[in-house]
Asks: 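Please see the structure below; I have some questions.
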Amino acid sequence: MRFVARRILLGIVTLLLVSVLVFWATQYLPGDAAQAVLGRSASAERLEALRQQLNLDAPISVQYWRWLSGVFAGDPGLSLANQKPILPQITPRLMRSLVLLASTAALAIPLAVLAGLWAAFRQGGRADSSLTVTALVLAALPEFVVAIALIAMFSTTVFQWLPPVSMVPPGRAIFDRPVILVLPVMTLTIIVFPYIFRMVRAATIEVLRSEYMEAAQLRGLSTNRLMLVHALPNALGPAAQVVSLTLAYLAGGIVVVEYVYGFPGIGQGLVKAVTTRDIPSIQFIVLLLAGVYVFTNLIADVITVLVTPRLRTSRA
């Protein structure tokens with residue numbers, strides 16, 4: 001419990017520092033926020049009135065405190081683009097992105113873990129070499145290259161099986177047309193697979209060299225029992241760390257994938273906010289992404305301690 005309390009405290013401090021950095025950085029974006037809302041033809045009187053309405057003429061410290069207190073109160077403010085509350089606009093996008101991330105995690109993590117175990121038990125063989133080379137190639141590909149290649153393969157040039165864009169009509173839910181998730185999930189799975197696979201493979205190989213694994217093999221245990229009962233639990237600690245880092249990376253990498261597929265998630269919302277210079281929306285979305293990063297790292301730390309007896313019983 002002390003360990004978890006320390007991690008939560010550090011997470012809160014991290015988010016506060018991120019909020020300061022994000023708020024400070026957005027103040028120095030080029031252009032005038034009021035003019036971006038009203039247009040170049042707006043009069044000086046209208047611009048000044050909007051600045052006062054949005055508190056843009058207040059000192060930065062006052063603006064930051066008003067914004068941060070509003071975020072803690074569940075009211076991150078109004079969008080500069082349409083003068084509507086930000087939270088009702090961001091919440092549906094966040095839910096869609098979480099569905100996309102959860103679908104990717106449900107597919108990529110078991111696939112990469114099992115592939116890593118299989119490659120470790122066949123170390124030096126053809127299966128191991130093929131999987132390792134494939135993982136290295138996939139790790140070198142940027143997100144947009146994978147997305148465009150899948151669109152060409154399954155939507156346009158080779159086959160026309162799947163929709164090339166993943167747009168959700170207004171008032172409709174994702175699961176009304178779940179086929180739109182296939183290509184984005186495939187793209188994200190291909191992106192995160194190499195990192196999880198390589199870490200699980202390396203951790204499992206180290207476990208296989210231990211004395212207790214040699215004793216288990218000498219007792220004539222089956223390969224499946226060695227993999228799932230003896231090797232996997234001891235490789236979960238390092239695997240949990242890389243899984244958390246990979247999912248945290250997805251919180252940022254999802255921006256590119258959502259933009260390519262036109263998926264109406266939090267990533268596309270961030271791109272739209274940057275395009276329209278909607279500063280309050282940018283600040284809130286970046287703070288949400290930072291929160292996802294901190295939360296996934298907290299969960300990974302807790303899982304690592306739970307599956308590692310030496311850490312769980314440590315008095316340090």
Side-chain angles (χ1 to χ4, degrees), residues 96-120 122-167 178-205 238-271 274 289 292-293 296-297 300:
R96 297 187 194 110
S97 293
L98 289 178
V99 169
L100 185 57
L101 287 177
S103 302
T104 302
L107 176 63
I109 293 175
L111 180 63
V113 169
L114 292 177
L117 286 172
W118 182 262
R122 305 260 183 311
Q123 184 183 4
R126 290 185 178 180
D128 178 34
S129 301
S130 300
L131 286 171
T132 302
V133 171
T134 301
L136 288 173
V137 172
L138 294 179
L141 297 177
E143 297 94 333
F144 70 91
V145 172
V146 176
I148 292 173
L150 290 180
I151 290 174
M153 175 65 68
F154 295 106
S155 300
T156 56
T157 306
V158 182
F159 304 106
Q160 290 79 41
W161 293 345
L162 300 169
V165 294
S166 301
M167 302 179 65
V179 69
I180 64 175
L181 288 171
V182 176
L183 283 183
V185 169
M186 287 177 61
T187 303
L188 293 174
T189 299
I190 290 172
I191 292 169
V192 304
F193 173 85
Y195 306 102
I196 303 175
F197 163 78
R198 294 176 66 186
M199 178 56 73
V200 172
R201 176 184 178 275
T204 306
I205 289 175
Q241 292 294 324
V242 74
V243 166
S244 71
L245 291 175
T246 303
L247 293 179
Y249 160 77
L250 279 182
I254 200 173
V255 174
V256 177
V257 174
E258 289 186 356
Y259 181 76
V260 171
Y261 288 107
F263 186 82
I266 198 73
Q268 192 191 60
L270 179 59
V271 173
V274 171
L289 295 178
V292 172
Y293 188 93
T296 53
N297 277 278

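Just so it is clear, the structure is predicted and the values come from calculations on it, not from any experiment.
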Asks: Check whether any side-chain N or O of Glu258 sits under 3.5 Å from a backbone N or O of Gly267 as a donor-acceptor pair, and report yes or no.
Replies: yes
Asks: Go through the structure and list residues passing ring-ring contact (aromatic ring centres under 6.0 Å, His included) with Phe263, not counting sequence neighbours.
Replies: none
Asks: Would you mind reporting whether Phe193 and Thr134 have side-chain heavy atoms less than 4.5 Å apart?
Replies: no
Asks: Run the numbers on Met186 and Thr189 for side chain to side chain contact (heavy atoms under 4.5 Å, CB included), then give the verdict.
Replies: CA-CA 5 Å; Met186 287 177 61; Thr189 299; 5.7 Å; no
Asks: Taking ring-ring contact (aromatic ring centres under 6.0 Å, His included) as the test, write out the residues that go with Tyr261, two or more places apart.
Replies: none
Asks: Check the pair Leu270, Leu289 against side chain to side chain contact (heavy atoms under 4.5 Å, CB included), reporting the backbone distance first and the verdict last.
Replies: CA-CA 10 Å; Leu270 179 59; Leu289 295 178; 4.3 Å; yes
Asks: Any side-chain to backbone donor/acceptor pair from Ser130 onto Ala127? Under 3.5 Å, distance only.
Replies: no
Asks: Do Gln160 and Ser155 have side-chain atoms, one donor and one acceptor, less than 3.5 Å apart?
Replies: no
Asks: Taking the inter-plane angle between the rings of Phe154 and Phe159 on a 0 to 90° scale, is it parallel (under 30°), tilted (30 to 60°) or perpendicular (over 60°)?
Replies: parallel
Asks: Would you say the side-chain atoms of Ser103 pair up with the backbone N or O of Val185, donor to acceptor, closer than 3.5 Å?
Replies: no
Asks: So, for Leu138 and Pro194, which heavy atoms are closest and what is the spacing to 0.1 Å?
Replies: CB-CG, 3.6 Å
Asks: Hey, does the side chain of Gln123 reach the backbone of Ile205 with a donor-acceptor pair shorter than 3.5 angstrom?
Replies: no
Asks: Among Ile148, Val256, Val260, Leu188, whose side-chain contact (heavy atoms from CB on, under 4.5 Å) with Glu143 holds?
Replies: Val256
Asks: What pair of heavy atoms forms the shortest contact from Ser129 to Gly124, and how long is it?
Replies: OG-O, 4.3 Å
Asks: To the nearest 0.5 Å, what is the distance between CG (Leu101) and CZ (Arg96)?
Replies: 14.0 Å
Asks: I need the minimum non-hydrogen distance between Ala135 and Phe197, along with the two atoms involved.
Replies: CB-CD2, 3.6 Å
Asks: What do the steps show when you test Val200 against Leu114 for side chain to side chain contact (heavy atoms under 4.5 Å, CB included), and what is the final call?
Replies: CA-CA 9 Å; Val200 172; Leu114 292 177; over 6 Å; no
Asks: Which is it for Thr104 and Ile191 under the side chain to side chain contact (heavy atoms under 4.5 Å, CB included) test, yes or no, and what are the steps along the way?
Replies: CA-CA 10 Å; Thr104 302; Ile191 292 169; over 6 Å; no
Asks: Can you tell me how far apart CE (Met199) and OH (Tyr195) are? Round to the nearest 0.5 Å.
Replies: 12.5 Å
Asks: Would you compute the distance between atom CG of Leu150 and atom CG of Leu183 and round it to the nearest 0.5 angstrom?
Replies: 6.0 Å
Asks: For Arg201, which residues count as a side-chain hydrogen bond (donor to acceptor under 3.5 Å, both in side chains) partner, sequence neighbours excluded?
Replies: Asp128
Asks: Under the 3.5 angstrom rule, does the side chain of Thr204 hit a backbone N or O of Ala120 as a donor-acceptor pair?
Replies: no
Asks: Checking the side chain of Thr157 only, and the main-chain atoms of Met153 only, is there a donor and an acceptor separated by less than 3.5 Å?
Replies: no
